[in-house]
2 protein chains.
Amino acid sequence: MAVTTAGPDPEDLTARARIRDAALLHFGEHGFERATIRGIAETAGVSSGLVRHHFGSKQALREACDAHLVKVVRRLNDQVRADPAPGDINYVAASRTALGPYQRYLARALAEGSAATLFDEMVQMTEQWLAEADTRRPDPPDVDRKDRAAVFTAMALSITVLHQHISRAMGVEVFSPQGDLPLARALIDVYSHPMLSLEDASVIRAALDKTQDASPRTDPHTDTGATLR
Amino acid sequence: MAVTTAGPDPEDLTARARIRDAALLHFGEHGFERATIRGIAETAGVSSGLVRHHFGSKQALREACDAHLVKVVRRLNDQVRADPAPGDINYVAASRTALGPYQRYLARALAEGSAATLFDEMVQMTEQWLAEADTRRPDPPDVDRKDRAAVFTAMALSITVLHQHISRAMGVEVFSPQGDLPLARALIDVYSHPMLSLEDASVIRAALDKTQDASPRTDPHTDTGATLR
DNA sequence: TAGGAAGCTACACGCGTGTGTAGCCACTGT
DNA sequence: ACAGTGGCTACACACGCGTGTAGCTTCCTA
């Protein structure tokens with residue numbers, strides 16, 4: 001069953017690591033602004049001054065969290081790519097697996113705009129996966145792969161970012177043993193059924209391009225030039 | 001082209017409405033916590049005391065913003081459903097059109113957890129659209145429609161919520177005249193190509209169900225019971 | 001063994017903030 | 001004409017917060 005959240009780094013258990021983990025928790029639970037250094041310090045079992053001593057500022061602490069998350073995800077990805085496990089469906093889905101306690105922080109960080117390099121990294125992974133998937137595709141893609149990768153990545157992450165809303169709508173906490181299966185089934189169904197047929201798609205694409213040519217009006221607010229956005 | 005952001009309500013122009021609009025702006029730009037009542041008041045051209053007079057508290061102001069956004073989206077949806085315009089591809093895409101200045105607030109609100117009723121409303125819209133789309137579907141869906149609607153909605157909204165990351169990855173601000181077309185093309189491509197073939201999907205689904213039966217271990221953190229989540 | 005850096009704490013400062021209070025102005029209905 | 005209500009302002013308060021500073025302890029090193 002492949003990837004599990006790796007245990008603490010050998011270098012961990014140190015106060016610095018405990019603070020970082022506590023910060024991950026608090027930032028994820030309350031958001032960056034509402035989380036307090038004092039609260040983080042208490043969870044870590046240290047004084048608030050030590051937080052400053054190790055990280056300098058609250059912002060720097062956040063960046064350390066982001067960096068750590070990048071490291072975790074990168075390791076996770078390497079693990080998956082090295083693993084010849086046949087069960088892994090795709091990199092997007094795999095990259096969301098076993099993040100465990102980091103889920104909430106990841107969601108917050110993405111929404112609040114930090115975690116930029118993490119997103120970019122994920123796009124790159126998706127791109128690699130797409131490169132492979134494109135070979136099995138009937139029609140040749142005429143859209144830049146990176147663009148598609150970005151959209152795919154965002155969609156995959158939407159489950160994490162909006163998990164509380166999805167949970168509410170589905171009537172079960174999706175990131176729990178009870179909600180896991182329903183979510184997986186829904187995802188499989190969605191992933192295996194395109195919203196648009198290839199014919200519809202080409203029709204729309206044609207209309208889109210024509211619109212672009214015909215109407216060079218570009219009022220940034222009222223109409224952005226495309227019916228489908 | 002079809003739906004445009006409706007002009008100010010007749011009852012608007014009032015100070016209360018100006019405050020609400022300013023709040024939408026500030027909350028969207030800086031987030032709820034960082035936004036200040038004084039800043040909102042200044043943008044609205046009123047004193048900070050008036051904000052309190054009209055809305056009572058910052059939290060209540062936020063709720064008023066959410067309520068207003070729900071009203072806007074609901075009106076937008078009615079407009080789309082009433083309109084016999086043939087250009088509208090689907091409700092999910094349509095519901096994201098022409099939200100203009102509300103985009104940023106919507107993104108923040110969803111991520112921060114308010115805007116719950118708005119999300120639920122959108123799920124309902126998507127559900128209606130799915131009900132129709134299901135009739136044109138080859139295989140009968142064996143997943144609850146509401147579950148699929150929730151996932152669909154989240155994915156559609158991911159563009160809004162993560163727009164800054166997508167913009168960075170694509171190298172162009174997606175919610176601008178320049179970025180509009182590239183995003184539309186990427187979306188069409190993604191929407192018209194399933195990530196999973198029907199065969200793969202059924203294989204995974206079978207494996208998933210078997211896993212569920214065979215291994216009733218439900219450690220909430222290490223392994224959540226499914227390879228694909 | 002002496003020196004010093006690093007880990008760590010306690011405490012205080014100052015600022016920005018949401019909120020509370022008192023009161024003015026304008027308009028309306030009688 | 002006049003009370004009264006609601007829109008609106010100015011000002012002050014109290015509190016929580018990030019940050020700064022001084023100093024203690026522990027352990028490595030020369």
Side-chain angles (χ1 to χ4, degrees), chain A residues 8-68 104-105 108-109 111-115, chain B residues 8-68 104-105 108-109 111-115:
Chain A
D9 275 333
E11 59 177 3
D12 276 358
L13 288 160
T14 128
R16 186 187 160 91
R18 286 208 318 276
I19 293 173
R20 190 235 302 128
D21 287 346
L24 253 347
L25 209 75
H26 279 237
F27 287 157
E29 202 68 32
H30 311 113
F32 178 73
E33 303 292 340
R34 288 197 65 173
T36 73
I37 291 187
R38 287 170 174 84
I40 293 169
E42 191 180 2
T43 298
V46 299
S47 76
S48 71
L50 190 60
V51 177
R52 173 175 171 76
H53 175 72
H54 276 303
F55 295 93
S57 73
K58 195 185 183 185
Q59 177 60 31
L61 176 56
R62 192 229 282 256
E63 283 158 17
C65 289
D66 285 336
H68 183 249
R104 301 185 108 80
Y105 178 82
R108 295 269 191 187
E112 292 173 2
S114 77
Chain B
D9 275 335
E11 59 176 4
D12 276 358
L13 288 158
T14 131
R16 186 186 160 91
R18 287 207 317 277
I19 293 173
R20 190 233 302 128
D21 288 345
L24 254 345
L25 209 76
H26 278 238
F27 287 157
E29 202 68 33
H30 312 112
F32 178 74
E33 303 292 340
R34 288 198 64 173
T36 74
I37 291 187
R38 287 170 174 84
I40 293 169
E42 190 180 4
T43 298
V46 300
S47 76
S48 71
L50 190 61
V51 176
R52 174 174 168 74
H53 176 69
H54 275 301
F55 295 92
S57 74
K58 195 184 183 184
Q59 176 60 31
L61 176 56
R62 192 228 284 255
E63 283 159 17
C65 288
D66 286 335
H68 183 248
R104 301 183 110 81
Y105 178 82
R108 296 269 190 186
E112 292 173 3
S114 78

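The model shown is predicted, which means the values in this text are computed figures rather than measured ones.
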Quick one, which residues of residues 46-57 of chain A touch DNA chain C with a heavy atom under 4.0 Å?
A/Val46, A/Ser47, A/Gly49, A/Leu50, A/His53, A/His54

Looking at A/Arg18, I want to see if its CZ is surrounded by more than 12 non-hydrogen atoms of other residues, nucleotides or ligands under 6.0 Å.
yes

Would you mind reporting whether [Y] and [X] have side-chain heavy atoms less than 4.5 Å apart?
X: B/Phe32; Y: B/Lys58; value: yes
X: B/Ile40; Y: B/Leu61; value: yes
X: B/His54; Y: B/Leu50; value: yes

Overall bend - the helix from C/dT1-D/dA30 to C/dT30-D/dA1, comparing terminal axes fitted on five pairs, nearest 10 degrees:
10°

Under 4.0 Å between any heavy atoms, over every strand shown, what does [X] touch: base, sugar-phosphate, or nothing? Just pick one.
X: A/Ala35; answer: sugar-phosphate
X: B/Arg16; answer: nothing
X: A/Ala41; answer: nothing

Hey, which of these two, B/Ala15 or A/Lys58, hits DNA chain D nearer its 5' end, going by closest nucleotide?
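Whichever sits nearer the 5' end wins; that is B/Ala15.
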
A/Phe55 ring centre to A/Arg16 NZ or CZ under 6.0 Å, with the angle to the axis within 45°?
yes

Could you give the start and end, 5' to 3', of the contact zone on DNA chain C for chain B, using atoms under 4.0 Å from its heavy atoms?
C/dT17 to C/dG20

